[in-house]
Every structure is written in structure tokens, then in C-alpha cells.
Amino acid sequence: NMTWGHATSRDLLHWQYEGTPVKPDALGTIFSGSAVVDSNNTAGFGKGAIVAMYTSAAENQTQSLAYSTDSGNTFSKYAGNPVLTEKAPDFRDPKIIWNRDTKEWNLIVATGQKMNFYTSSDLKNWKYESSFGEGYGCHKGVWECPDLIQMDNGKWVLICNINPGGPFGGSATQYFVGQWDGHKFICESKPEVTKWMDYGKDHYATVTFSHAPDGRHVALAWMSNWQYAAVVPTMQYRSANSIPRDLGLFTDGSEDYISVKPSPEVMRAFTKKATGLGEACMVEVSGLRRNATIELSNGKGERVVMRYDAAEQSFSVDRMKSGQTDFSEAFPAVTTAPTHGKVSQVLIFIDKSSIEVFDADGKFAITNLVFPTKPYDRFRVNGGKGRVWKMR
């Protein structure tokens, strides 16, 4: 019995809850979707109206519209819902984008193990254009929560969340780099190539904001994994969002990869003076040598160990003894990311129940939940220099 929640923020870290603007109705419960500003009043709801498209999930999954003419404070459902139907059992998570080249709306909907693309001039009537996915990337689970973004160099990235099938089991975010002409997506990699946005266990349902400032691609992920999401030892909530990340592209050999960096708003949230470990802090480790080790621990012997192997070009996070792990056999894990070359600096964001690791150049990210029974208060680096910054 899911609804849409609404929250607003001026810094991407502190959020004001604004209520539940889209609630279940006769068409079904409310699954994922997206929202855009209709600056030109193409849908007829009013110039500058915020138009949301979401999945109505009942016996069938269909796509519906809701709109707001008061800056998102309240939403009204479109009387002509649903606006898009399909016979496939898994047909959900519509992502709308405005294509400035073709001057029309593009829509991506996850359909089984592929992505369907549609075009529209008014957000209400959609024309099927093409599908992408057969034979490409990972197909060990259902494809969900798509996104399509154009990078600074003109290339496009199709984001595809999958469950199960992640690199270390369960949920994860894969992506494809290529070209999009408003009608068809062409991947530049070979079909067997799979690229992951994050190499942790807890990075899923990743989507970006539309019309972010300065043309940035700011992404948020749900920080959990369907292998154990319903049994994590938390109270009043079932995991949180990741910290916001700015996405870009970098090249390694003949392939383009997504770069992932903490958003500037995150970096501004920490003290200017180095401090000791706290429940919400950032650890900066610089001058990493070839076989560096970073360890966070507490007096109860609970620890998280990170290792950089320059020869293997890998960085790993070991949470096998991180605290509470016995609630799921799938939880204890060592997750490893390729570094795409030398690593000299990493940023580690520690919260009460999460650790998010970033290469300072954006070449890898690893997001993992942890549940220590008391906060990590000890910090050791072998093969580098570490400093700690607390949140203000």
C-alpha cells in the first residue's frame, strides 16, 4: 500500500517532509516514477506545472499522471489516467525527460528485462519508439528504475537498476553508455560488457534530478538490498538514501565509465578543522601506497577493513565483522571495486549505519550498510595519511 512522499531541501542533506501528495486509488498502489516542470504548458495543466508520472500497480501495472500548479505543494491526478498500458507483467518506473534536440518528451519505462522508449508532445499521448536491452549487460533479474542523461561530451548514459543480479548478490545499478537520437538507444560497448555504478551491496533504485543547477547530474540511491531490506536491525525505518552524488564520464582504455563524486553540497557540510571520529563524519585518506589498509573499529572488536591493491587495481570493503550481521546470511560480505588505475586519495562517509567510499577522482564508489552495536571510535591507516572531518 505505497504512496509517494514529498520532501524539499536547500542543501541536499537536510530535508523537510512535505506530506504524501500521491496516494493509492482504484487503479492501484503507487510505485516509482519521476517528475518534470512543464515550462511550455505542453500538457495543458498550466505553464510551469510540475507533472509527475508514476506506476499504478494493481493486477496490471500502468502509467498515470498527476500535476501540481502550486510548486509541488499539492497534486491532482489526471482524469484520463492511465495514459500508458502494456500487457507485460513488469511494466513500471516511468522516467520523463525533455529532449531539447527534438523538442519533445521522451519516456523510458522498465519492461521485464528491457527498457521501452516512447515520445510525446503533450505528456498524455505516447508513441512507442523502440526497446533496448536484449543481450546487453546483466539479465539475472528484473530491470527497474531507468534513467537517461546526456553528458557534457554529448554521449548518453542509460541507467538500469536490476534485482537480483548485482556484482555481490541482490540489488544493484548497472548502466550503458552510448547514443540516443530521441527514438533509439545504441550502446557503444559490446553486449557482454556490464558496468556497475557502485560496487557495494547497498546501492539501488538510483535516479537523477531533472533540471539540476548548472546542468549537473545529481543522483540519489536507495541504500539497501532486497536480499535483506525487510529484516535490517533498524527502528522506524527501512534504510535511507545514499548521500547525493554528481555523475560524469571518464575513459579507461576503449571504454567510457561513469564517474561518481560526492555532490559539492555534501563537501560543504563538514567542519574546516580536522577532528576525531564521530557518528556522522568524513574520513579523508591521502597518499595511498601500493598496499594500503584502512580500518574502522570499536572497543567491542567490531570493524570494517578497507584494502587498496595497486597491482590488482582494486579497492575492497570488508564488513564481515562490522557489527550485527546475523539477521541475514547475505549480509556479511567483502565488496571489491576496480580502480581503473592508481588511487591516491579516498573519501569515506560514515553514518550511524552506513559507510560510503569514493575515489577522490570519481573512478569508483562502494556503498555498504553496517550495524555496529556501538559507534566506530578507532581509526587506523597503514600506507597513507588519514584525517577526519565531522558534520557541522
With heavy-atom distances below 4.5 Å as the criterion, would you say the side chains of [X] and [Y] are in contact?
X: Phe45; Y: Tyr78; result: yes
X: Ser121; Y: Lys103; result: no
X: Phe176; Y: Cys160; result: yes
X: Phe315; Y: Val346; result: yes
X: Tyr204; Y: Glu144; result: yes
X: Asn81; Y: Leu65; result: yes
X: Tyr376; Y: Ser322; result: yes
X: Trp180; Y: Phe117; result: yes

Practice prompt. Dump the intermediate steps for ring-ring contact (aromatic ring centres under 6.0 Å, His included) on Tyr175 and Trp143, then the final yes or no.
Written response: CA-CA 11 Å; Tyr175 65 92; Trp143 286 19; over 10 Å; no
Do we see a donor-acceptor contact under 3.5 Å between the side chains of [X] and [Y]?
X: Asp70; Y: Ser68; value: yes
X: Thr373; Y: Glu302; value: yes
X: Thr62; Y: Asn60; value: no

Please say yes or no: joined through hydrophobic side-chain contacts below 4.5 Å, possibly via intermediate residues, are [X] and [Y] part of one cluster?
X: Val207; Y: Ile258; answer: no
X: Met391; Y: Met282; answer: yes
X: Val388; Y: Val317; answer: yes
X: Ile355; Y: Met320; answer: no

Between [Y] and [X], is there a salt bridge with N-O shorter than 4.0 Å?
X: Arg319; Y: Asp202; result: yes
X: Lys195; Y: Glu255; result: yes
X: Arg216; Y: Glu265; result: yes
X: Arg92; Y: Asp90; result: yes

Show the nearest heavy-atom pair for residues [X] and [Y], with the distance to one decimal.
X: Ser316; Y: Val334; answer: CB-CG1, 4.2 Å
X: Ser34; Y: Pro94; answer: OG-O, 2.9 Å
X: Ser171; Y: Asn225; answer: N-OD1, 3.2 Å
X: His139; Y: Gly137; answer: CD2-O, 3.6 Å
X: Ala219; Y: Leu247; answer: CB-CD1, 3.9 Å
X: Val157; Y: Met151; answer: CG2-CG, 3.8 Å

Does the [X] side chain pair with the main chain of [Y], one donor and one acceptor, at a distance under 3.5 Å?
X: Asp147; Y: Thr208; answer: yes
X: Ser344; Y: Gly287; answer: no
X: Ser131; Y: Asn116; answer: no
X: Gln174; Y: Cys138; answer: yes
X: Glu356; Y: Ile243; answer: yes
X: Thr20; Y: Thr3; answer: no
X: Glu284; Y: Arg387; answer: no
X: Asp309; Y: Glu312; answer: yes
X: His14; Y: Asp11; answer: no
X: Asp38; Y: Ala43; answer: yes

Practice prompt. Starting from the C-alpha separation in whole Å, work towards a yes-or-no answer on salt bridge (charged side-chain N to carboxylate O under 4.0 Å, His left out) for Lys155 and Glu188.
Written response: CA-CA 10 Å; Lys155 292 186 178 182; Glu188 67 178 23; 3.0 Å; yes
Item to complete: Test Ile30 against Lys23 for side-chain contact (heavy atoms from CB on, under 4.5 Å), laying out the working first.
Response: CA-CA 7 Å; Ile30 312 302; Lys23 298 180 180 181; 5.6 Å; no
Between [atom1] on residue [X] and [atom2] on residue [Y], distance to nearest 0.5 Å:
X: Gln179; Y: Leu158; atom1: CD; atom2: CG; value: 13.0 Å
X: Cys281; Y: Ile348; atom1: SG; atom2: CD1; value: 9.5 Å
X: Ser130; Y: Met115; atom1: OG; atom2: CE; value: 12.5 Å

Worksheet item: Would you call the rings of Phe132 and Phe185 parallel, tilted or perpendicular if under 30° counts as parallel and over 60° as perpendicular?
Response: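 Judged by the thresholds at 30° and 60°, the geometry between Phe132 and Phe185 is perpendicular.
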Practice prompt. State which residues pass ring-ring contact (aromatic ring centres under 6.0 Å, His included) with Trp222; sequence neighbours excluded, sorted by chain then number.
Written response: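 Result, ring-ring contact (aromatic ring centres under 6.0 Å, His included) vs Trp222: Trp226.
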Discussion item. Walk me through whether Lys95 and Ser210 qualify under side-chain contact (heavy atoms from CB on, under 4.5 Å).
Written reply: CA-CA 10 Å; Lys95 175 69 183 211; Ser210 296; 4.1 Å; yes
Going by side-chain contact (heavy atoms from CB on, under 4.5 Å), name the residues that satisfy it together with [X], two or more places apart in sequence or in a different chain.
X: Lys261; value: none
X: Gln150; value: Arg100, Asp101, Trp156
X: Val381; value: Val285, Ile294, Phe379

Practice prompt. Keeping to residues at least two apart or across chains, list the ring pair (Phe, Tyr, Trp, His ring centres under 6.0 Å) pairs with something in residues 258-309.
Written response: Phe270-Phe349
Fill in: Other residues, nucleotides, ligands: >12 heavy atoms within 6.0 Å of Glu192 CD
yes
Donor-acceptor pairs are to be reported for all side-chain atoms of residues 360-371 against protein atoms at under 3.5 Å, with residues two or more places apart or in another chain.
{"from": "Lys363", "atom 1": "NZ", "to": "His340", "atom 2": "O", "distance (Å)": "3.4"}
{"from": "Lys363", "atom 1": "NZ", "to": "Lys342", "atom 2": "O", "distance (Å)": "3.0"}
{"from": "Thr367", "atom 1": "OG1", "to": "Asp198", "atom 2": "OD2", "distance (Å)": "2.7"}
{"from": "Thr367", "atom 1": "OG1", "to": "Arg245", "atom 2": "NH2", "distance (Å)": "2.7"}
{"from": "Asn368", "atom 1": "OD1", "to": "Lys201", "atom 2": "N", "distance (Å)": "2.8"}
{"from": "Asn368", "atom 1": "ND2", "to": "Thr335", "atom 2": "OG1", "distance (Å)": "3.0"}

Discussion item. Show, in sequence, the C-alpha distance, side-chain angles and deciding distance for Asn106 and Trp98, and conclude whether the side-chain contact (heavy atoms from CB on, under 4.5 Å) test is met.
Written reply: CA-CA 6 Å; Asn106 294 159; Trp98 174 253; over 6 Å; no
Fill in: Residues Leu296, Arg303; criterion side-chain contact (heavy atoms from CB on, under 4.5 Å); working and verdict
CA-CA 5 Å; Leu296 303 169; Arg303 62 184 183 270; over 6 Å; no
Item to complete: Among Met53, Gln63, Lys127, Glu129, find the one that has a side-chain contact (heavy atoms from CB on, under 4.5 Å) with Leu107.
Response: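 Option passing the side-chain contact (heavy atoms from CB on, under 4.5 Å) with Leu107: Met53.
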